[in-house]
Every structure is written in structure tokens, then in C-alpha cells.
Amino acid sequence: MKRTPVGKLLLFGATGDLAQRMLLPSLYGLDADHLLPETLTITGTARSEHDDASYRAFAREALEEYLPKDRKDDATIESFLARLQYQALDATDLEQYHLLSDKVGDVAGGLAIFLSTAPSLFEQVIGGLVKAGLAGDTVRIGLEKPLGYDLASSREINDTVAKAFPEERIFRIDHYLGKETVQNILALRFGNSFFEPVWNAQGIDNVQITISETVGLEDRASYYDGAGALRDMVANHMLQLVALIAMEPPARYGVTEIRDEKAKVFRSLRQMKPEDVRQGSVIGQYMGGAIKGEIVRGYDEELGKDSNTETFVAIKAHIDNWRWQGVPFYLRTGKRMPTRRSEIAIQFKPVPHSMFQGRGGLLQPNMLVIRLQPEEYIQLLVMAKEPGLDRDGIRLREVPLNLSLDAEFAGKRRRIAYERLLLDLIEGDQTLFVRRDEVEAQWTWIDAIREGWKANDLKPKHYTAGTWGPAASIALTERDGVSWQDD
Ligand code: BG6
């Protein structure tokens with residue numbers, strides 16, 4: 001893959017939360033390791049008034065707060081800040097965009113734009129960029145979610161962006177794809193020979209994916225209350241995980257090959273019908289409770305008004321193709337759960353016949369657990385015989401075969417997902433970015449679920465903060481004789 005680094009980066013939302021917590025620390029991290037093009041300049045823009053000096057001071061504070069201690073180095077911070085400049089912009093005012101292009105300067109050497117904006121502003125921002133000459137052949141654009149709130153709005157955004165940028169220059173960000181352990185799913189599946197032969201409906205009974213968070217609304221009330229857990233987490237991150245687990249082996253590690261296979265998975269997701277949503281999904285909203293000994297308020301109370309937005313969702317999904325016929329994918333995500341965890345659990349089928357039956361030995365089907373965060377490990381639960389002379393029968397026990405990626409790669413720096421994604425954007429590698437057809441297939445599936453909720457007048461069930469969601473989510477799997485992996 002040919003990489004063509006740009007000479008300039010333009011960050012929209014440069015004073016926002018994402019910029020402070022992720023983008024600036026990530027760019028600093030890349031700079032510290034000499035991974036940024038040497039002469040790359042970074043222009044920040046947002047509504048707030050700053051000049052270059054005050055923006056650098058702002059960025060310095062963000063780095064002070066969010067960089068890990070061992071990464072802070074005064075000289076490196078100084079040289080990183082020297083790359084930064086700033087232009088205030090009212091994104092709704094087309095007349096102001098020439099100020100931005102004046103500040104950015106000549107883009108003949110390539111410009112990468114990182115755009116995170118409310119869906120309602122896309123039309124104006126894209127129009128402004130075109131007017132100011134910031135959308136030409138040498139410009140690529142990275143788009144941060146939310147890219148719409150349903151299929152129709154996402155199409156609208158995609159159409160708007162497509163007027164100025166061809167698909168090869170659009171980089172839709174799903175930060176889960178920047179996570180090392182998420183990419184490791186590909187290595188595990190396609191770099192080893194022993195899983196793939198059983199990685200199908202013959203070998204696998206069910207798949208569970210959990211992304212649980214302990215945080216609540218944080219400072220994102222206006223966005224989150226309009227979104228809810230299904231749109232915020234399932235429509236993007238969880239479905240990307242589903243795709244990586246379910247996709248066919250791509251012929252090459254290539255932009256087209258990988259995204260083609262993911263898109264096929266999204267198109268194979270079984271659409272939920274209104275009559276299926278009660279059995280196939282559960283929504284919840286947290287009430288006050290305690291997490292790790294700390295008292296936390298309920299969602300309504302944090303929000304300051306009543307709301308029917310779901311902060312928890314569990315879904316039983318199906319992929320209608322040969323490989324996955326009859327294998328449920330149970331997805332679950334929520335705020336204010338007992339622990340922060342992203343995990344995939346693959347439950348294999350039992351052995352066809354147990355030779356130990358007559359001798360008292362009980363077998364558990366194998367399970368593969370891929371823990372994405374906070375720890376990074378892969379664990380295969382296998383049956384072993386307990387030591388002994390077996391006079392009272394053979395005792396078998398499930399034991400973990402552990403691969404701790406944390407320990408195995410202890411000396412390797414763990415990078416923020418955005419480091420990887422920003423570098424790929426700067427260098428022009430689209431492999432870990434989401435293609436238009438993927439996004440639209442994701443929304444098609446999500447919209448059907450939301451329509452089902454509406455048709456059934458489904459409201460979130462309450463759950464106490466610090467628990468694993470409403471009891472109904474347990475029933476969702478137990479009906480099939482399956483238990484969620486909680487420990
Ligand atoms: C974001 C969601 O996309 O992902 C947040 O908008 C969520 O609500 C976050 O907290 C989770 O990301 P991570 O990397 O902490 O698992």
C-alpha cells in the first residue's frame with residue numbers, strides 16, 4: 001500500500017473534549033516518536049476565540065492533564081506546540097471560511113481534515129470548505145461520529161460529503177478499529193490455522209459481545225440523550241466487532257478486501273421485524289446506585305428531566321449466511337455497569353459424544369474469551385483431568401489456557417486508538433476506516449430495531465447503577481439456555 005503523507009492537518013472541534021483527551025495527546029505521541037511528517041503543521045479551529053499563542057497554551061494544559069507521566073517531556077512538548085496554530089470559525093458562516101484557508105495556507109502538499117461536528121452542520125461545513133478551496137484533490141477528510149442518527153440522515157451526510165470528496169478521500173472513523181486488540185482479532189482468526197475450521201455454525205454455539213462502562217452521562221447530555229446506547233455503541237463499535245468475528249477470510253490485508261468482507265456481514269444481518277423486538281432486544285436505563293462503593297445518581301436525575309433514552313441495550317442478532325446459520329450473536333452494552341470491560345466470548349459446541357460419561361466425568365463446551373479492555377488477553381477454556389487415581393470416577397475441570405497480551409508484549413507501547421487512526425489519515429491508509437456502504441448497512445439494521453421499539457411502544461426498563469442491566473437481559477439469553485459471561 002502506497003502511503004502519501006500530507007503536509008498539513010486541520011482539526012475541527014480543536015477546543016472540544018475529544019481534542020483535549022484524545023487528539024492532542026495522540027498527535028503529541030506520534031510526534032514524540034518522530035512519526036509525523038517533519039514539516040506537518042496543525043491548524044486548530046473551533047468557535048472559541050484564540051490566537052496561536054493562547055491555543056498553544058490551551059493545548060499545553062490538555063497535554064499536562066491527559067498525557068501519562070512517562071510521556072511528558074518539556075522539550076518535546078515545546079516542539080510539538082510549535083506545530084500548532086489556530087483560527088476561530090463560526091462554522092455556520094460561509095463568509096468566514098476564507099480566514100481558515102488563509103491560515104492553513106497552500107494545500108498543494110496535501111491537507112488532512114479531521115471533522116467532528118453535529119450532523120446538522122455538515123452541509124455548511126462542506127460548503128464552506130469548498131468555497132475556501134479546502135476540498136481539492138490534495139485534501140482528504142476524516143469524519144468522526146455521529147454520522148447521522150438513522151439511515152436517511154446518514155445518507156444525507158454521505159451525499160453532502162460526496163459532493164466535495166470522492167470515497168477514496170473520505171475516512172470515516174470508528175475508534176474501535178484503531179484499538180490494537182480489535183485488530184488482533186484478524187491475527188487470531190487468519191494468522192492461525194486451528195480456529196478457522198471450527199469458526200462456523202458447526203463448531204460454534206453462540207457468540208457474546210459485551211461492552212460495559214462504569215461512566216454515566218458525563219458532560220454529553222445533549223448528544224447522548226438524543227442518541228441512546230443503540231446508536232452510540234451498537235450502530236458502530238459493536239457491529240464492527242461482529243463483522244471482524246463473522247467475516248470471511250479476506251484474500252489480502254487490503255483496503256478493499258477487508259472492507260468488502262465486513263460489508264457482506266452487515267448486509268447479512270437479519271432485519272428485526274416489529275414482532276421480534278420483544279424477544280430479540282432489551283432496553284434499560286440506570287437508576288441511582290453504587291459503583292465500586294461510590295454512590296451515583298440515576299440517568300433522569302443527571303439529565304435533569306425525564307427521558308426514555310436507553311442507557312443499556314441487549315440484542316440477539318443473527319447473520320443469515322451459510323457460515324452462521326442458527327448461531328445467535330448476543331450483544332450487550334450499557335453505562336453505569338459494575339465494571340468497564342469490552343469482551344467477546346465465543347462458545348463452542350459440545351463434543352459430539354462424551355466417552356467420560358460412564359465414568360462420571362462431566363464436560364463443559366470450550367469457550368474462547370477475547371478481552372479487549374481494560375486488560376488485553378485471549379483465554380481458551382479447555383477441559384483437563386484433575387490429578388488423582390480416579391477411584392470415585394474421573395474428575396474433569398475447565399481450566400484456562402491463557403495468553404496475556406499485556407504480559408507477552410510488556411515492552412511495547414500501547415497507543416491510543418486515535419494515534420493509529422490519525423497517522424493513517426495523515427498517510428492516507430483507509431483500511432481501518434469505514435466505507436459508505438458499511439455505514440448504510442449498519443443503519444438499515446439499526447433502524448429496523450428502533451422502528452420495532454416504536455411499534456411496540458417499548459420503554460427502557462430501569463436497572464440499578466452498578467448492576468448488569470435489567471433482569472430481562474438475563475432472560476434474553478437464558479431462554480436459549482445460555483448465560484452471559486459475568487465475573
Ligand atoms: C464512544 C461513545 O464512541 O465510545 C461513548 O460515544 C463511549 O459513549 C466510548 O463511552 C467508549 O469508548 P472506549 O474506547 O472507552 O471503549
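Quick note: residue numbers are just sequence positions, from 1. Just follow the structure's listing: the first ligand is 1, and inside any ligand the first atom is 1. Only heavy atoms go into these numbers, but all of them, side chains included; no hydrogens, no water, no symmetry mates.
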Charged N-O contact under 4.0 Å between [X] and [Y]:
{"X": "Arg60", "Y": "Glu64", "answer": "no"}
{"X": "Glu376", "Y": "Arg414", "answer": "yes"}
{"X": "Glu261", "Y": "Lys264", "answer": "yes"}
{"X": "Glu167", "Y": "Arg172", "answer": "yes"}

- Query: Looking at Gln442, His237, Lys145, which hits side chain to side chain donor-acceptor pair (under 3.5 Å) with Asp174?
  - Reply: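 Only match with Asp174 under side chain to side chain donor-acceptor pair (under 3.5 Å): His237.
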Below 3.5 angstrom, do we get any N/O pair linking [X] and ligand 1?
{"X": "His175", "result": "yes"}
{"X": "Lys179", "result": "yes"}
{"X": "Tyr223", "result": "no"}
{"X": "Tyr224", "result": "no"}

- Of the listed options Arg220, Lys335, Met233, His237, closest to atom 3 (O) of ligand 1 (non-hydrogen atoms): His237
- Taking the six-membered ring of Tyr176 as reference, does the NZ or CZ atom of Lys179 fall below 6.0 Å from its centre and within a 45° cone about the axis?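 Because its charged atom sits under 6.0 Å from the ring centre and within 45° of the axis, Lys179 does stack over Tyr176.
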- Message: Hydrogens and angles aside, do Thr431 and Asp429 bring a side-chain donor and acceptor to less than 3.5 Å of each other?
- Response: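 A donor-acceptor contact under 3.5 Å links the two side chains.
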[X]: numbered ligand 1 atoms lying under 4.0 Å from its heavy atoms:
{"X": "Lys145", "result": "1 (C), 2 (C), 3 (O), 6 (O)"}
{"X": "Asp232", "result": "2 (C), 5 (C), 6 (O), 8 (O)"}
{"X": "Arg340", "result": "15 (O)"}

- Does Tyr176 come within less than 4.0 angstrom of ligand 1, counting non-hydrogen atoms of the residue?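 Per 4.0 Å heavy-atom rule, Tyr176 contacts ligand 1.
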- Nearest-neighbour protein heavy atom for atom 7 (C) of ligand 1, which is reported as residue plus atom name and distance: Glu213 OE2, 3.3 Å
